[in-house]
Undergrad: 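Mind having a look at this structure? Questions to follow.
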There are 2 protein chains.
Amino acid sequence: MESIVTMAKAEQTGSYKGSEKLRPEEMIYHEMLDAILDRRLEPGMKLVEEDLAKTFGVSRARIRATFLQLAHDKLINLVPNRGAFVSEPTIDEAIEVFSARRMIEDGVVRKVATNMTDERAAQIKTHLDREHDAHHRGDHRAAIILSGEFHLLLARLSGNLVIEEFLERLILRTSLIIAMYESPQPVDCSHTEHDQLLNALLSGDGDVAAAEMSRHLDAIRDRLQLQRPKPGKTDFASIFGRMPTSEAS
Amino acid sequence: MESIVTMAKAEQTGSYKGSEKLRPEEMIYHEMLDAILDRRLEPGMKLVEEDLAKTFGVSRARIRATFLQLAHDKLINLVPNRGAFVSEPTIDEAIEVFSARRMIEDGVVRKVATNMTDERAAQIKTHLDREHDAHHRGDHRAAIILSGEFHLLLARLSGNLVIEEFLERLILRTSLIIAMYESPQPVDCSHTEHDQLLNALLSGDGDVAAAEMSRHLDAIRDRLQLQRPKPGKTDFASIFGRMPTSEAS
DNA sequence: GCTGACATGATTGTTAACAATTTTGCATGC
DNA sequence: GCATGCAAAATTGTTAACAATCATGTCAGC
């Protein structure tokens with residue numbers, strides 16, 4: 001199965017097969033990234049260096065370097081002498097990430113709205129077509145990827161590489177949050193919201209665009225179930241609704 | 001001599017001597033950070049792993065880990081098989097960093113302005129007093145530190161840890177840019193601009209505060225000499241004003 | 001005199017072994 | 001039965017040695 005991230009990169013560059021030529025270090029980073037965002041590695045799970053080293057056929061040193069990168073993106077937690085654990089973003093953290101995105105992306109769409117050109121509008125429309133396409137095909141996976149890419153596209157159009165890179169990390173973090181807190185029946189109705197965003201951008205009014213982006217991000221956040229986290233492996237008490245007792249008395 | 005960063009941390013926590021209890025890894029990171037921001041390590045300078053390892057009395061592995069951190073903050077450049085080099089932010093990068101800060105900090109002051117309380121105003125005023133103090137004492141070094149801390153304080157008051165951390169990195173990057181491009185006679189008149197910012201914040205009007213912050217950041221940028229970078233060690237052509245020829249003919 | 005191959009030295013990249021720490025399992029005592 | 005302490009296993013942290021790569025200096029050839 002293709003990975004979320006390599007697929008996303010392929011969407012950017014337009015060549016999917018080429019992504020296999022990534023340097024091994026990046027390969028491992030992306031593989032772990034995918035596994036985390038796919039919840040194949042569940043939040044809270046311990047990541048043992050040697051196991052991963054064997055799995056990828058590299059030395060522990062490389063795994064440790066990869067850990068540093070992932071920890072910097074807040075996707076794993078590094079505890080001295082204890083090891084690495086997949087991040088379990090708290091509800092408060094989740095809210096802060098969305099709040100941060102609002103602050104950043106408000107500024108982004110303000111810039112994009114006031115600097116809109118026909119070519120850029122066409123770029124956005126092309127992307128929205130792909131989103132609709134994926135949605136009508138029922139390709140939920142691609143829809144999720146493209147949804148994130150949409151926000152990244154706007155950041156790129158704002159013309160600031162610093163913001164773009166930062167937002168990329170924030171979007172990854174958001175993906176982990178969504179994976180952890182999404183409601184049982186996933187709702188990817190965001191593509192219609194993206195349409196509305198384009199309209200707002202085309203109005204050329206920065207305030208209108210910023211308001212629309214805020215509404216959109218709040219909507220994503222509010223679709224999550226930020227009250228009760230999906231229980232992790234270790235949270236037996238909430239799984240069974242009671243504390244453990246002996247089975248046969 | 002105290003380091004810029006540990007001094008800054010001390011300002012935050014209120015206890016300077018305690019900063020010596022940092023774990024060795026953080027110690028090394030901060031020492032290198034300081035050296036870069038102080039220009040004891042000049043932009044473009046090669047950082048040899050073994051030399052640094054000997055200097056700090058640690059193994060190369062630790063130095064490599066520190067390199068990853070610094071590279072993530074864009075303070076050094078990591079070139080495969082070639083090594084680590086102190087970053088030489090280009091003029092375009094510098095402009096982008098200031099632009100990114102404008103986007104972020106506009107949002108920050110909007111939030112702070114609309115959520116101002118007496119206590120927060122007092123916090124800011126206390127900080128400004130310290131800035132003025134340093135300035136009147138002629139303590140240029142402390143003035144620079146406190147100037148950066150001012151922006152960080154506003155980010156903290158905005159109540160978003162994600163933004164605060166990101167801005168912290170951006171401020172470090174700005175410090176390197178200033179160190180690289182500052183005009184011959186350093187102008188730290190920014191403390192009066194900070195006063196104006198406080199006034200704008202007290203107005204409670206987000207638009208006013210954002211405009212003031214934009215003006216302030218633009219002013220800092222415009223005080224730099226972003227046309228001609230201060231020549232690095234290797235730029236002999238610009239040092240001597242001509243290309244090398246044989247000395248005795 | 002200049003260019004390019006080649007050998008040498010310096011530096012980074014990688015691996016494996018060792019040390020320190022934490023976790024786990026078990027026995028002991030209350 | 002439960003807590004406490006101890007020993008063993010697992011895991012992380014660190015170091016040193018080796019391999020691969022790159023930079024530098026030398027020398028032959030034009």
Side-chain angles (χ1 to χ4, degrees), chain A residues 21-32 35 41-42 44-72 75-88 232-236 243-249, chain B residues 21-32 35 41-42 44-72 75-88 232-236 243-249:
Chain A
K21 287 175 62 182
L22 285 173
R23 292 204 308 280
E25 44 207 28
E26 297 181 7
M27 222 259 295
I28 294 172
Y29 172 85
H30 283 121
E31 287 226 22
M32 293 192 59
L41 294 177
E42 296 183 24
M45 185 178 270
K46 172 79 183 290
L47 302 173
V48 178
E49 292 180 359
E50 198 165 345
D51 293 352
L52 287 166
K54 277 182 197 159
T55 300
F56 290 115
V58 299
S59 67
R60 272 177 57 212
R62 184 159 296 231
I63 297 295
R64 286 171 78 82
T66 304
F67 278 178
L68 280 181
Q69 301 287 98
L70 289 168
H72 211 269
L75 295 173
I76 69 172
N77 244 338
L78 245 38
V79 185
N81 287 321
R82 297 264 331 273
F85 303 83
V86 179
S87 282
E88 300 177 281
K233 224 177 201 170
T234 53
D235 193 4
F236 293 123
M243 298 308 286
T245 63
S246 64
E247 222 167 311
S249 63
Chain B
K21 287 175 62 181
L22 286 174
R23 294 204 307 281
E25 44 205 29
E26 297 181 7
M27 222 261 294
I28 294 171
Y29 173 86
H30 283 119
E31 288 228 22
M32 292 192 59
L41 294 176
E42 295 184 23
M45 185 178 269
K46 172 78 182 292
L47 302 173
V48 179
E49 293 180 358
E50 197 164 345
D51 293 352
L52 287 166
K54 277 182 196 157
T55 301
F56 291 116
V58 299
S59 68
R60 272 176 58 212
R62 184 159 296 240
I63 297 295
R64 286 171 77 83
T66 304
F67 278 178
L68 280 182
Q69 300 288 97
L70 289 168
H72 213 267
L75 295 173
I76 68 172
N77 244 338
L78 244 39
V79 184
N81 287 321
R82 297 265 330 275
F85 303 83
V86 179
S87 282
E88 299 177 280
K233 226 177 201 171
T234 54
D235 191 4
F236 292 124
M243 299 308 288
T245 63
S246 66
E247 223 168 312
S249 61

Undergrad: Hey, mind stepping through B:Thr66 and B:Arg64 against side chain to side chain contact (heavy atoms under 4.5 Å, CB included) and telling me if it holds?
TA: CA-CA 5 Å; B:Thr66 304; B:Arg64 286 171 77 83; over 6 Å; no

Undergrad: Can you tell me if A:Lys54 has over 12 outside heavy atoms packed within less than 6.0 Å of its NZ?
TA: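 Counting other residues, nucleotides and ligands, NZ of A:Lys54 stays at 12 neighbours or fewer.
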
Undergrad: Counting just side-chain N and O atoms, does A:Arg62 come under 4.0 Å of either OP1 or OP2 of C:dT14?
TA: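 For C:dT14, OP1/OP2 do have a side-chain N/O of A:Arg62 under 4.0 Å.
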
Undergrad: Write out a two-atom table: protein N or O, nucleotide N or O from nucleotides 7-12 of chain D, distance below 3.5 Å.
TA:
unit_1	atom_1	unit_2	atom_2	d
D:dT12	OP2	A:Glu49	N	3.2

Undergrad: From NZ of B:Lys54 over to C1' of C:dA10, roughly how many Å is that when rounded to an integer?
TA: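 One finds 12 Å between C1' of C:dA10 and NZ of B:Lys54, rounded.
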
Undergrad: Taking only residues two or more places apart in sequence, or in another chain, which ones meet A:Arg60 in a side-chain hydrogen bond (donor to acceptor under 3.5 Å, both in side chains)?
TA: A:Glu49

Undergrad: How far apart are the C-alpha atoms of B:Phe67 and B:Ile76, what are their side-chain angles, what is the distance that settles it, and do they pass the side chain to side chain contact (heavy atoms under 4.5 Å, CB included) test?
TA: CA-CA 7 Å; B:Phe67 278 178; B:Ile76 68 172; 3.8 Å; yes

Undergrad: Go through the structure and list residues passing side-chain contact (heavy atoms from CB on, under 4.5 Å) with A:Val86, not counting sequence neighbours.
TA: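 A:Val86: side-chain contact (heavy atoms from CB on, under 4.5 Å) contacts with A:Ile36, A:Leu41, A:Met45, A:Leu47.
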
